[in-house]
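Here's the structure, in structure tokens; my notes come after.
In what follows, every chain begins at residue 1, and chains take the letters A, B, ... in the order their sequences are listed. This one's a predicted model, so the numbers in the text were calculated from it and none came from an experiment.
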Protein chains: 2
Amino acid sequence: MGRSTSRLANDAWEALLTAHAVLIKQMAATDIWNELSMREYDVLYTLSKCPEPVRARELTRHVLLSQPALSRMIDRLIGRGFIARDPDPADGRGVLLSLTEQGRAIQRRVGGRHAVDIAGLVRDRLDPAELRTLEELCHKLATDHEEKTS
Amino acid sequence: MGRSTSRLANDAWEALLTAHAVLIKQMAATDIWNELSMREYDVLYTLSKCPEPVRARELTRHVLLSQPALSRMIDRLIGRGFIARDPDPADGRGVLLSLTEQGRAIQRRVGGRHAVDIAGLVRDRLDPAELRTLEELCHKLATDHEEKTS
DNA sequence: GTCATGTCCATGCATTTGCATCTATCTCAA
DNA sequence: TTGAGATAGATGCAAATGCATGGACATGAC
């Protein structure tokens with residue numbers, strides 16, 4: 001009741017971290033990751049939500065990987081035929097990434113099974129109203145604050 | 001409004017994943033991780049919250065690392081003098097882990113700075129009531145459901 | 001007791017990761 | 001135009017990770 005705002009913030013963050021870790025572990029324990037690791041799936045999923053080819057730099061912002069690690073993972077995914085990499089006509093330094101048909105197919109296949117697992121794990125711990133609230137709070141957390149200290 | 005419960009569950013999970021990734025990236029960007037990586041800090045922090053020595057198996061459940069990776073990370077942290085590992089008198093297979101004084105000191109030092117960062121990142125995105133709600137929902141998410149399908 | 005089975009932690013080994021750095025390209029002021 | 005500085009992405013290399021497995025101990029049926 002009398003917790004300081006700072007304490008509240010740290011407690012909430014720790015709870016989020018724990019929930020994340022617990023659920024990730026349970027999801028990883030399912031047997032749907034034979035053809036694609038969770039990290040690889042994360043990349044394909046992120047790409048699947050982009051209607052147009054994306055810059056690698058943009059992907060780095062959404063995926064929890066360093067830029068070199070992502071660069072090499074893209075190499076591997078290209079090697080397996082799931083991703084296409086083309087030069088960006090608007091910027092000679094950059095590359096544009098997109099899913100191939102095969103990549104889209106495997107993302108859908110794995111994603112479908114993964115969604116079932118997610119629902120199974122989350123649905124019976126939170127009711128619909130709580131799910132909406134959680135989603136809203138997490139969206140607020142993820143919004144980029146402009147740090148104007150000027 | 002008309003989203004199915006399964007859809008709600010998946011959307012909420014995605015929002016949580018995004019919030020986690022965004023905040024982790026911002027925290028990693030601070031310059032407090034010179035003496036301890038975030039993963040190492042996670043281990044020391046988890047240990048710091050245990051009043052008594054803990055089994056390695058128990059740590060594996062709370063930290064997002066595989067059992068072999070944790071085993072070797074413990075080796076390194078012992079080598080640096082932050083952790084002590086002793087045989088469990090109650091179980092010849094197990095080991096008991098605890099922070100050394102030095103380990104507790106560095107955890108407190110890094111943890112203090114980290115807590116400031118957390119508060120700064122989280123506090124101005126959510127108000128106290130929202131923080132409490134988020135913490136509660138995440139706790140519910142992390143509770144171990146007994147899967148009684150019998 | 002004995003043996004089969006399960007659990008805990010450690011280790012061999014190939015793969016992946018991150019840090020530092022490199023090249024190429026872009027931006028912008030003079 | 002030119003040159004300084006910033007940014008995008010790739011690569012060398014050491015370190016960390018995960019998977020498969022190994023050895024030690026525990027547990028329970030007989």
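- End-to-end axis angle for the helix from dG1(C)-dC30(D) to dA30(C)-dT1(D), using five pairs per end and rounding to 10°, comes out at 30°.
- Considering only residues two or more places apart in sequence or on other chains, Arg108(B) meets the side-chain contact (heavy atoms from CB on, under 4.5 Å) condition with Arg104(B).
- Taken from CE in Met27(B) to OH in Tyr41(B), the straight-line distance is 10.5 Å, to the nearest 0.5 Å.
- Bounding nucleotides for the chain B contact on DNA chain D, 5' to 3', at a heavy-atom distance below 4.0 Å, are dA16(D) to dA26(D).
- As a whole-Å value, the separation of Arg55(A) CZ from dT25(C) P is 13 Å.
- The shortest distance between side-chain heavy atoms of Leu141(B) and Leu134(A) falls below 4.5 Å.
- For Arg93(A) and dC26(C), the CZ to P distance is 7 Å, given to the nearest whole Å.
- Between the side chain of Arg125(A) and the main chain of Thr143(B), a donor-acceptor pair closer than 3.5 Å is present.
- Note on Arg85(B): a side-chain N or O is less than 4.0 Å away from OP1 or OP2 of dA10(C).
- Once rounded to the nearest 0.5 Å, the distance linking CG of Leu97(A) with CG of Asp88(A) reads 10.0 Å.
- Residues satisfying the ring-ring contact (aromatic ring centres under 6.0 Å, His included) test with His62(A), not counting sequence neighbours, are none.
- Residue-environment remark: CZ (Arg7(A)) stays at or below the threshold of 12 foreign heavy atoms within 6.0 Å.
- Residue Asp91(B) is in sugar-phosphate contact alone, with no base atom involved, counting any heavy-atom pair closer than 4.0 Å across all strands shown.
- Looking at every heavy atom in both residues, Leu64(B) comes nearest to Ala21(A) through CD1-O, 3.9 Å.
- When the side-chain contact (heavy atoms from CB on, under 4.5 Å) test is applied to Glu14(B), the partners found at least two apart in sequence or on another chain are Tyr45(A), Lys49(A), Thr18(B).
- Between the Thr60(B) side chain and the Ala56(B) main chain, a donor and an acceptor come within less than 3.5 Å of each other.
- In the region residues 63-79 of chain B, proximity to DNA chain C at under 4.0 angstrom, judged on heavy atoms, holds for Gln67(B), Pro68(B), Ser71(B), Arg72(B).
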